[in-house]
Every structure is written in C-alpha cells, then in structure tokens.
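Because the structure is a prediction, the values reported are computed rather than measured. Numbered from 1 within each chain, the chains take letters A, B, ... in sequence-line order.
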Number of protein chains: 2
Amino acid sequence: MSDTPNGMSRREELLSVATKLFAARGYHGTRMDDVAEAVGLNKATVYHYYASKSLILYDIYKTAADFTVGALHDDPSASARETIYHFTRRLLVGIASDVERAAVYFQEGPYITEWFTEEQVAYIREKETQVYEHVRDVIDRGIASGEFYDCDSHVLALGYIGMTLGSYRWLRPQGRRTAQEIAAEFSTALLRGLIRDETVRAQSPLGIDVDDAEKAAQ
Amino acid sequence: MSDTPNGMSRREELLSVATKLFAARGYHGTRMDDVAEAVGLNKATVYHYYASKSLILYDIYKTAADFTVGALHDDPSASARETIYHFTRRLLVGIASDVERAAVYFQEGPYITEWFTEEQVAYIREKETQVYEHVRDVIDRGIASGEFYDCDSHVLALGYIGMTLGSYRWLRPQGRRTAQEIAAEFSTALLRGLIRDETVRAQSPLGIDVDDAEKAAQ
C-alpha cells in the first residue's frame with residue numbers, strides 16, 4: 001500500500017477524507033463519487049479499499065467504539081474518583097484528536113441499523129453497553145465504599161457520558177482550553193458533587209494532582 | 001382547519017407525523033410523499049400547510065428553540081442554584097413530552113445551513129446563544145456572590161447543556177424515573193459540585209424542597 005506525502009496510507013487518507021465529508025454533509029448526503037473526488041482517486045480504487053460506503057462508516061464506528069472502550073481505566077486498585085477522572089481525560093483527548101469521527105458517530109447513530117449488518121450493529125451496541133456499565137459500576141463502587149454520596153448511578157452515568165461525549169460539538173484541538181483542562185473541569189464538577197469526605201472533596205477531588213498527571217501523560 | 005379525532009389540528013398532526021419520520025429516517029431520508037402517506041393526506045394538502053419540506057423542519061426547530069428559551073428561569077431574586085434547578089426541570093419535562101422533536105433538533109443540527117435561509121439560521125443561533133449565555137451567567141453569578149466555587153463557567157455551561165439536552169437519547173416519558181426525578185439528580189450532582197457552603201450543599205443543593213416543587217408544578 002503506497003504512502004501519501006502526509007505519511008498516511010491511501011486507506012487511512014480515504015477514511016479521513018470520508019469522515020470529514022460524512023461529518024459535514026451526513027452519510028446519506030455523501031456519495032462514493034464525492035469521496036473519490038475529494039481524495040483524488042478513481043472510484044474503482046476507492047472500491048478496492050472499501051467494497052461499499054457502509055464499510056467506510058463501519059470502520060469509523062468500530063474505531064470510535066474500540067477507542068472509547070480502550071479509554072476505560074483498568075486499574076482495579078484506583079479509587080472511583082481517579083477512575084472517572086482518567087476515563088474522562090482519555091476520552092476528551094481522543095475526541096479532540098478527531099472531532100469529525102466523534103461527530104459522525106453521534107450524527108449517524110439513529111440510522112445505523114439501516115446501513116449495518118446485524119453483527120455490525122451488535123458489535124457497536126456491545127461496546128456502548130460496556131462503556132455505560134463501566135461508568136455506572138464505578139459510581140456504584142464509590143457509593144458502596146462510602147467514597148460517594150448515594151445517587152442514581154444509572155441516570156448519572158447516562159448524563160455524564162452525554163456531557164463528555166457530547167463535547168465533540170464544541171471541543172476543538174486548538175481551542176481556548178485544552179482537552180486535558182476540560183476533562184479536569186468536568187471531572188472536578190461531577191466529583192465534587194459525589195464525594196462525601198469534605199477534605200478530599202476540597203483538596204483532591206480528582207484523586208491526584210492534575211499537574212503531575214499531565215506531566216505523566218506527556 | 002378541521003380537527004382530527006385525537007383533537008390535534010391537521011397541521012399539528014402533520015407536524016407530529018413528520019417529526020417522527022425525520023427522527024427515525026433523518027430529514028434527508030424522508031420525502032414529502034412519505035409524510036403525506038403517513039398522515040393520510042394527498043400531497044397537495046400537505047403543501048397547503050407547508051409550502052416546502054424545509055418549512056416543516058424549521059417549524060420543529062423554532063418550536064424547540066423557543067421552548068428552551070422559555071424554560072430559562074426569569075426570577076432575578078432566585079439563587080443561582082434554584083435558577084439552575086428550575087431550568088433543568090422545565091427542560092427535561094419538555095424533552096420527555098416530545099423526545100422526537102429533540103432528536104430531530106440534534107440530529108439535523110450540523111446540516112441546517114443547507115436547508116434554512118440565513119434569517120432562519122440566525123434566529124435559531126440567537127436562541128442557542130441566549131441559552132448558553134444564560135447558563136454561563138447564572139454560574140458566574142453564583143461564583144461572584146460566593147455561592148459557588150470558582151470554575152470555568154464557559155466549559156461547565158457547555159457540559160451541562162450537553163448533559164441535559166443530550167438526555168433525549170434515553171429519556172422516555174414512561175421510563176423508570178420521571179423527567180422531574182432525573183432533573184433533580186442532574187441538578188443535585190452539578191450543584192453539590194459547585195456550592196461552597198457545606199450546610200447548603202448537604203441539605204438543600206437545589207435551593208428548594210424537591211417534593212414541594214413537584215407539588216407546586218402539578
């Protein structure tokens with residue numbers, strides 16, 4: 001597979017261009033001809049990489065869903081607040097790195113059963129369930145241990161996922177605040193609302209020093 | 001204008017049916033023929049009520065945008081926490097009352113410049129700005145008065161709007177929790193995170209007794 005001048009493989013470039021077109025015009029409003037023209041390939045070459053338009057969309061979906069599951073914090077010894085903060089930070093950094101991918105994911109969500117096979121839909125739904133259950137379970141773990149106030153973990157998990165994932169609407173890589181800073185703001189607001197212990201709440205609602213965490217992440 | 005058996009005017013019924021179709025198939029994927037067929041009118045009659053498909057979409061948008069602005073709490077003597085709670089409650093009750101309208105609003109958002117006139121887009125954008133600025137200003141007011149911790153009101157306003165408006169994805173009128181209950185959960189989580197005063201925070205984060213408020217709203 002030959003490389004393009006920007007270092008992406010042809011397939012990666014095709015995916016990137018298609019993602020931008022789907023984000024701007026919608027999947028339904030974008031034809032394979034538009035993709036071929038925008039990427040500067042003939043249509044036969046496009047079909048060599050993706051046998052159908054829906055396979056491009058599925059590639060976008062699968063990448064985004066796998067990324068989100070990968071962002072789940074997997075250290076079982078971490079406190080609930082640390083777990084939520086790390087997940088939020090990874091998620092927002094990921095969204096900021098490819099806002100169009102997140103936009104396509106959310107914009108086309110209601111219609112994927114029209115374009116995807118049952119197996120494809122089941123794969124995506126399974127990942128979404130994993131993410132929701134993880135966030136709910138972390139909140140439940142915090143409640144059970146006394147770290148958090150009692151609350152409806154189901155409703156708060158859905159709300160918090162909406163708050164973080166919905167940021168693709170306005171999160172920009174070159175914006176006024178970095179994705180890390182926004183993650184710290186979101187996590188602090190939620191966690192200050194959940195944490196019982198007044199000292200923890202006032203002094204380290206994220207469970208860690210944010211400056212240290214940003215250094216460690218670099 | 002003749003009334004239908006369910007008490008809606010023909011125009012209201014047409015709008016309701018079109019909203020459901022747009023929510024399920026997307027605006028782009030729904031033809032005026034589909035709307036006419038689903039509502040049981042001939043196409044000429046549909047065009048009598050709406051001269052174009054985009055005017056139906058604009059009616060959905062304008063109604064939703066006006067409703068959201070109308071949900072802003074207008075009592076300047078209320079505390080910041082009460083203001084946020086009342087806005088959240090009105091908004092979630094409104095979304096639960098017409099989930100499809102909210103779905104169309106969000107799903108078609110990225111593409112409205114394709115379908116609407118500049119004046120129509122400007123009207124919608126102005127309402128969205130009003131809502132964002134109201135939430136941001138309420139948080140700023142709470143910070144200035146010492147009611148809230150210092151925080152990035154811009155980021156939190158965007159996050160909180162995403163959390164509340166994004167609930168159309170899973171909020172159902174007949175769900176396990178009512179819209180009022182979900183509003184209380186969301187507001188409590190955010191406000192416990194913002195309120196400085198430990199007694200207020202622990203005892204009345206919403207600024208009012210929720211049971212009283214629900215009685216008053218009935």
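Proximity to chain A is limited to the backbone of B/Ile195, based on heavy atoms less than 4.5 angstrom apart. Only the backbone of A/Ala23 has a heavy atom closer than 4.5 Å to any heavy atom of chain B. Proximity to chain B (any heavy atom under 4.5 Å) is shown, for A/Leu165, by neither the backbone nor the side chain. The contact between B/Ala24 and chain A is made entirely by backbone atoms, counting heavy-atom distances below 4.5 Å. If you measure heavy-atom distances from B/Glu114 to chain A, the contacts under 4.5 Å come from the side chain alone.
Shown are B/His28, B/Gln107, B/Arg25; of these, the side chain to side chain contact (heavy atoms under 4.5 Å, CB included) with A/Tyr111 is made only by B/Gln107.
Looking only at side-chain heavy atoms (C-beta outward), A/Asp152 and B/Arg176 come within less than 4.5 Å of each other.
When each of A/Ala189, A/Gly193, A/Gly109 is scored by its heavy-atom pairs under 4.5 Å with chain B, the top score falls to A/Gly193.
Taken to the nearest 0.5 Å, the CE atom of A/Met163 stands 10.5 Å off from the CZ atom of B/Phe186.
Between A/Glu185 and B/Cys151, the shortest heavy-atom distance links the atoms OE1-CB, 3.8 Å. Of all non-hydrogen atoms in A/Val155 and B/Arg177, the two that sit nearest each other are CG2-CG, 4.2 Å.
No more than 12 heavy atoms of other residues, nucleotides or ligands lie within 6.0 Å of CD in A/Glu37, so this atom counts as exposed by the packing criterion.
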